[in-house]
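What follows is one structure encoded as structure tokens, with my remarks underneath.
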Protein chains: 2
Amino acid sequence: MTITIKDVAKMAEVSISTVSRVINDSKPVSPEARRKVLNAIEVLGYEPNEIARSLVTRKSNLIGVIVDDIGSYYVSQIVRGIEEIGRMYNYDIIIGSSYGDPKIEMKFLQLFKTKQVEGIILVSEIVDDDVIDYIENLKIQVIYLNRYYVVPGLLTVYLDNKKAANIMMEYLRELGHGNILYLTQKRDIDSTIEKRKIEGYKESMKEINKEPLIHTIDTHRIEGAYKYGEEILEVIKNNDITAVFCSQDELAIGLMNYLYDQGITVPEEISVAGYGDISVASIFRPTLTTIKEPYYDMGAVSIRKILKSLKGKKNSNTEDIELPIRIKKRGSCKKI
Amino acid sequence: MTITIKDVAKMAEVSISTVSRVINDSKPVSPEARRKVLNAIEVLGYEPNEIARSLVTRKSNLIGVIVDDIGSYYVSQIVRGIEEIGRMYNYDIIIGSSYGDPKIEMKFLQLFKTKQVEGIILVSEIVDDDVIDYIENLKIQVIYLNRYYVVPGLLTVYLDNKKAANIMMEYLRELGHGNILYLTQKRDIDSTIEKRKIEGYKESMKEINKEPLIHTIDTHRIEGAYKYGEEILEVIKNNDITAVFCSQDELAIGLMNYLYDQGITVPEEISVAGYGDISVASIFRPTLTTIKEPYYDMGAVSIRKILKSLKGKKNSNTEDIELPIRIKKRGSCKKI
DNA sequence: GTGAAAGCGCTAACAA
DNA sequence: TTGTTAGCGCTTTCAC
């Protein structure tokens, strides 16, 4: 049925070791033998069984990637980065979506371990103690990417979120805005990353002697933010808000949609800024001014880190990686 | 180091076969032995090596998915469908992006074969003879998804594109439009699927005694379509066009962006319809009237088909699957 | 430069 | 119900 190394050896009239040697270029083989083997491989259409190979070499060339939802914008960009770099080094990725369920995250961690993956990248939006414990005791290198929470002890690739908020605020002030509303998700208000952003926002407001104003809603999705539009608009009107700084692009887009449907123009009547630079941010009209979280790079850097530690064998690899911040000045914010 | 079935057997004081039996529930085991084994597994934290298991059972529980670009909207939806259904049956997916390069598609087909995947879903945007040949000779079940081309002989999941175009045209006519421009990509004009759509468009135009007008551009990306905006607008003006039916949502969105930037309002001044219903279509303002290509379902149905044929062992499974058409009537088209 | 043989961790006859 | 054993397809000593 499937043709194996034995068949090749037989046809080439050499031993299977010799065949193995030419396949792997692992030891010198006489030109004569090599030729015969190569020929047999060609004729038979032989393709080595990676499973068997993995079993003996203990190298699966597999990186496990657990994501919140492969269908979400930013996740697919991270995965793209992982995949593209992994491919350069002949690593394949095996993927699983948790849809925010820590039980499923856990299941994938275990499953991937049994699949002998050589590294795991976990893109999560939640924090679960069991998951953290499991990771800490795992001998497999894990990179933990979470756009809401920092989990001390887990290796990650991150942005200095406070500085990022500062940068955005500085820009809004340059445009003449003073009454700036910060819109965020209730659930995140205590998350480590959101706290840092809020810190940056408050600090900036203080510098211009303004009272910070934070409004929280119960969602982090576009459609969700849309539903809260009326409520947000109320806050805007009651406080003479001229610019809204949203903790995630999704909120910004949802809000802009609501405003659009109400006939309120952005940025003429109100400026809106986001955070993340998800891919729609740049194609949406008006295009969204935002902080670029370099998702592709996050993925790319993550897998690079894993590959490096795989090569070094050592866990010399214990420092988080900070990525540069970039502000995207686009159409949704305007000078007043 | 890693703990194996042997360690468990030793600790439980039984043979490895007994351990295997309790792990797999394959044969009756005495309660006593089962208890001891379970206990040993627990204590040692044993997790079976799937690689070894796969080698002997010849079941990898892996589905290979080759996509054009995991970072593109519709692809991620397809993958989501595949993944979600696969998961239900304990299948993992291993993914590779070809970025439109047939050589890479080929490489993945071969790679996935060596990885012993049990089925392959190929989401392509191109057609390559070598790839087709390879698939046809592969003993692994392949589902071929291509939103531009139909490739006879390859199993697929599809929509009746002509009927879909008819439905959209009928709707536009209902809204009072007569001078309807069809916008498509030059490269696709001869593709099987595009031909069907154009057929539908022409047929509908003929019914109302209008001359069909097709404009082609050299892209199928949002930014690309934007760049051709001026050119398209020219055509619109010169022909009193009141509605543009685009062969892909991406073109429609790019065009709408251009019109927006020119101060031309959609749908007040011109109606725009798309095809595909990519996820941004519904969040964009104005929301895009379009034909829903049910990407998630395509993925889900594809893997279901593979799983079924895997179960049946037989290749009883040779019929393409047609999915229902749904028109999404949204904000970008208006009555005149 | 080459082949024989051991063994990676597991499942599945086969015997007991 | 249980243990022994023979592989799955491959890499890798170890002799020659």
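Proteins come first, then strands; the chains are lettered A, B, ... in the order of their sequence lines, and each starts at number 1.
For the pair I51(B) CD1 and dC10(D) C1', the computed distance is 12 Å after rounding to whole Å. The nearest whole Å value for the distance from the NZ atom in K10(A) to the P atom in dC10(D) is 14 Å. The interatomic distance linking K6(B) (NZ) with dG3(D) (P) rounds to 16 Å, in whole Å. Rounded to a whole Å, the CD atom of E32(A) is 12 Å from the C1' atom of dG1(C). Computed from coordinates, the K27(A) NZ to dT13(D) P distance equals 7 Å when rounded to whole Å. The nearest whole Å value for the distance from the CD1 atom in I5(A) to the P atom in dA4(C) is 14 Å. Here dC10(C) presents its C1' atom at 13 Å from CD1 of I41(B), a figure rounded to the nearest Å. Note: CG (N49(A)) to C1' (dC8(C)) measures 13 Å, nearest angstrom.
Each of A52(B) and V29(B) lies near DNA chain D, and the nucleotide nearest V29(B) is the one positioned closer to the 5' end.
When distances run from any side-chain atom of A33(B) to the nucleotides dG9(D), dT2(D), dT11(C), the shortest one goes to dT2(D). Distances from the side chain of R53(A) to the nucleotides dC14(C), dC10(C), dC10(D) place dC10(D) closest. Comparing atom distances between the V56(B) side chain and each of dT1(D), dT11(C), dT11(D) picks out dT11(C) as nearest. Checking dT11(D), dG9(C), dT1(D) against every side-chain atom of L55(B), the shortest atom distance belongs to dG9(C). Distances from the side chain of S20(B) to the nucleotides dT11(C), dT12(D), dC8(D) place dT11(C) closest. For T4(A), taking side-chain heavy atoms from C-beta onward, the closest of the listed nucleotides dA4(C), dT11(D), dG9(D) is dG9(D).
Among the heavy atoms of the strands lying under 4.0 Å from S30(B) are primed sugar atoms or P, OP1, OP2 only; no base atom is included. Counting any heavy atom pair closer than 4.0 Å across all strands shown, S17(A) reaches a base atom. Among the protein residues, I16(A) comes within range of the nucleic acid bases, having at least one heavy atom under 4.0 Å from a base atom.
OP1 or OP2 of dG3(D) lies within a sub-4.0 Å distance of a side-chain N or O belonging to T18(B). Side-chain nitrogen and oxygen atoms of S15(A) include at least one within less than 4.0 Å of the OP1 or OP2 phosphate oxygen of dG3(C). For the OP1/OP2 pair of dT11(C) and a distance below 4.0 Å, the side-chain nitrogens and oxygens of N24(B) include at least one atom meeting the criterion. Under 4.0 angstrom from either OP1 or OP2 of dC8(C) there lies no side-chain N or O belonging to R58(A).
In the model, Y296(B) has a side-chain atom that pairs as donor or acceptor with a side-chain atom of E84(B) under 3.5 Å. Of the N and O atoms on the side chains of Y91(A) and E118(A), at least one donor lies less than 3.5 Å from an acceptor on the other residue.
For the atom pair CE (M11(B)) and CD1 (I41(B)), the distance works out to 10.5 Å, reported to the nearest 0.5 Å.
Heavy atoms of other residues, nucleotides or ligands lying less than 6.0 angstrom from NZ of K107(A) number more than 12.
Counting distance only, with no hydrogens placed and no angle test, the side-chain atoms of R34(A) and the base atoms of dG1(C) include no donor-acceptor pair under 3.5 Å.
Looking at S20(B), its side chain never comes within 3.5 Å of a backbone N or O of I16(B) through a donor-acceptor pair.
Side-chain contact between L145(A) and T156(A): present, with at least one pair of heavy atoms (C-beta onward) separated by less than 4.5 Å.
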